[in-house]
Amino acid sequence: MAGSNYIIGTSMTRFTKEDRSLEQMCSQVIEASLADAEIYTNEVDAVIFSNAVGGLITGQEMIRGQASLKRSSLLGKPIINTENACASGSSAFFLADKLIDSGAYEVILVVGAEKMTHLDKATSFAAIGTAIDLEWPPPIESDGASIDRSYFMDVYASMAKEYMSRYGATEDDFAEVVVKNRRHALSNPSAQFQKSTTVEEVLASRVITGPLTLLMCSSISNGAAALVVTGSEFAKSRRTDSRVRVLASVLLSGQERAEETPTVARRAATKAYEKAGVSPADIDVVEVHDGAAPAELITIEELGLADEGGALRMLRAGDTTIGGKIPVNPSGGLIARGHPIGATGCAQLVELSDQLRGRGGDRQVIGARIGLAENAGGYLRNDSAAATVIILGR
């Protein structure tokens with residue numbers, strides 16, 4: 001039944017390039033999220049741990065959750081490790097929601113954590129680049145403007161060029177997305193970048209791969225986020241103002257598709273709206289996977305929040321800013337909040353939970369009752385490898 005499970009506690013670190021271990025970051029968000037939920041570790045039935053590139057950055061494979069939680073009192077409980085590219089954190093949440101639905105557990109702690117920094121930045125970019133089918137990579141052309149980038153910036157650049165060709169978008173429009181999200185992040189104490197910028201500064205930043213400049217691209221980040229997810233019976237013992245309903249959680253895989261076939265994000269959105277019993281018109285606040293600025297516009301349309309080319313009109317009219325018709329990425333998104341891969345999906349849900357609980361501070365979306373998070377991970381020939389759409393409500 002839609003709305004049978006709840007988020008009752010959340011926490012996240014600030015996303016930074018500060019050199020902190022996964023264990024340090026996890027300890028911080030676990031303690032804070034349990035305190036927010038007003039529960040103790042002995043009330044947690046299981047932990048689902050999300051991490052994407054730990055094995056390639058630090059060498060720790062297979063038991064990353066157990067290694068990261070080894071000094072916590074949670075060790076000894078069921079710990080499930082999840083990895084699903086950039087959709088890892090939201091996939092972990094999806095699993096928690098379904099496990100509670102099944103009756104297997106009543107209280108699950110979802111933890112997403114990532115340490116992406118490395119002494120050799122090329123190692124970080126190479127780790128990100130493994131989220132494609134290496135035996136059959138997508139046919140992407142690149143202008144080769146910079147080798148200091150991940151393969152995914154070539155993917156985003158290709159998407160940007162197609163969007164420009166179809167709808168008349170310009171580099172200035174992509175820069176406006178950055179300006180908006182940087183402005184939102186000014187009010188987010190957890191955001192990696194807390195400095196405003198201008199269109200001119202965005203366009204003047206180093207070209208990564210045309211038309212994308214450095215400030216249009218999400219950055220390497222370290223960080224963690226956590227959520228306490230419970231069933232309805234347990235949630236009844238919590239304060240009404242402290243809990244957020246899970247209206248729908250959908251996870252789908254991408255596929256090689258014909259041009260007219262819906263993307264995995266669009267398919268996931270359609271299914272999520274149906275499960276939640278809502279329509280795009282009912283959504284008050286949105287967090288999307290803006291790995292690069294053009295992706296925000298493309299995703300808005302995939303989610304049915306605008307018709308084809310309509311996201312561009314929404315941006316230009318100010319509809320997607322806080323105070324507009326439907327604020328997108330009030331957290332600052334991946335571009336400004338940061339993108340520690342395994343933590344991103346959880347961070348999106350922390351932001352939506354804060355918005356629905358009225359804890360958004362200066363970035364609060366007034367009257368927000370229903371929020372949607374879209375997160376995509378990896379890439380196949382012409383689609384994301386995985387996509388989640390999660391809808392939360394009050």
Side-chain angles (χ1 to χ4, degrees), residues 1-8 10 87 90 93-94 97-98 101 180-181 184 227 229 232 235 240-252 262-290 295-315 317-331 333 345-360 363-376 387-394:
M1 182 180 68
S4 59
N5 298 331
Y6 291 81
I7 296 170
I8 63 168
T10 66
S90 45
F93 182 87
F94 169 85
D97 184 42
K98 302 313 173 191
D101 279 348
K180 171 184 71 73
N181 289 350
H184 289 176
L227 304 112
V229 190
S232 58
T240 302
D241 63 351
S242 72
R243 60 195 193 209
V244 173
R245 288 188 299 154
V246 183
L247 299 182
S249 64
V250 173
L251 166 65
L252 296 176
T263 63
V264 61
R266 189 179 292 272
R267 291 189 290 114
T270 299
K271 192 170 183 180
Y273 291 134
E274 180 181 351
K275 283 181 173 290
V278 302
S279 73
D282 296 314
I283 305 300
D284 299 311
V285 57
V286 182
E287 285 281 315
V288 302
H289 184 99
D290 58 324
E296 178 170 306
L297 301 176
I298 294 167
T299 303
I300 287 170
E301 295 171 18
E302 289 178 321
L303 295 174
L305 301 171
D307 58 10
E308 292 191 6
L312 187 59
R313 295 190 295 273
M314 290 174 66
L315 174 72
D319 292 341
T320 57
T321 194
I322 295 172
K325 292 181 179 178
I326 181 164
V328 177
N329 286 330
S331 69
C346 294
Q348 290 180 319
L349 299 176
V350 169
E351 175 65 24
L352 290 185
S353 295
D354 282 347
Q355 290 287 344
L356 298 179
R357 295 164 83 177
R359 304 198 308 190
R363 67 184 188 283
Q364 179 66 46
V365 176
I366 304 302
R369 301 290 299 175
I370 300 178
L372 180 150
E374 177 275 341
N375 196 14
T388 62
V389 173
I390 295 166
I391 301 177
L392 305 179
R394 288 295 293 171

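Owing to the predicted nature of the structure, the values given are computational and were not obtained by experimental measurement.
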I need the [X] [atom1] to [Y] [atom2] distance, nearest 0.5 Å.
X    : Y    : atom1 : atom2 : result
N181 : N329 : CG    : CG    : 5.0 Å
D290 : L297 : CG    : CG    : 10.0 Å
R394 : S353 : CZ    : OG    : 9.5 Å
L315 : I300 : CG    : CD1   : 7.5 Å
R357 : L352 : CZ    : CG    : 12.5 Å
D282 : I370 : CG    : CD1   : 5.0 Å

Side chain to side chain contact (heavy atoms under 4.5 Å, CB included) partners for [X], two or more places apart:
X    : value
R313 : D307
L252 : V250, V264, R267, A268, K271
K98  : F94, D101, S249
T270 : none

Looking at [Y], is its backbone amide N or carbonyl O close enough to the side chain of [X] to form a donor-acceptor pair, meaning the two atoms are under 3.5 Å apart?
X    : Y    : value
D284 : R369 : yes
R243 : Y6   : no
N5   : D97  : yes
K180 : V328 : yes

Check your understanding: Taking it one step at a time, do S90 and Q348 satisfy side-chain hydrogen bond (donor to acceptor under 3.5 Å, both in side chains)?
Key -> CA-CA 9 Å; S90 45; Q348 290 180 319; 5.3 Å; no
Taking the side chain as every heavy atom from C-beta outward, state whether [X] and [Y] have any atom pair closer than 4.5 Å.
X    : Y    : result
K275 : I391 : no
L227 : V350 : yes
T10  : L349 : no
M314 : I326 : yes
T321 : H184 : yes
F93  : T388 : no
V389 : Y273 : no

Check your understanding: Looking at R363, E287, Q355, which one forms a side-chain hydrogen bond (donor to acceptor under 3.5 Å, both in side chains) with S331?
Key ->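 Testing S331 for a side-chain hydrogen bond (donor to acceptor under 3.5 Å, both in side chains) against R363, E287, Q355 leaves exactly one candidate, E287.
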Looking only at non-hydrogen atoms, find the nearest pair between [X] and [Y] and report the distance.
X    : Y    : answer
A311 : A306 : N-CB, 3.6 Å
E301 : G310 : OE2-N, 3.4 Å
R359 : Q364 : N-OE1, 3.3 Å
G304 : P280 : O-CB, 3.3 Å

Check your understanding: Quick one: ring-ring contact (aromatic ring centres under 6.0 Å, His included) partners of H289, sequence neighbours excluded?
Key -> H339
Practice item. Could I get the full list of salt bridge (Lys or Arg N to Asp or Glu O under 4.0 Å) partners for E374, not counting sequence neighbours? Key: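 Per chain and number, E374 pairs via salt bridge (Lys or Arg N to Asp or Glu O under 4.0 Å) with no residue.
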Exercise for review: Quick one: do V246 and L392 satisfy side-chain contact (heavy atoms from CB on, under 4.5 Å)? Show the steps, please.
Suggested key: CA-CA 5 Å; V246 183; L392 305 179; 4.2 Å; yes
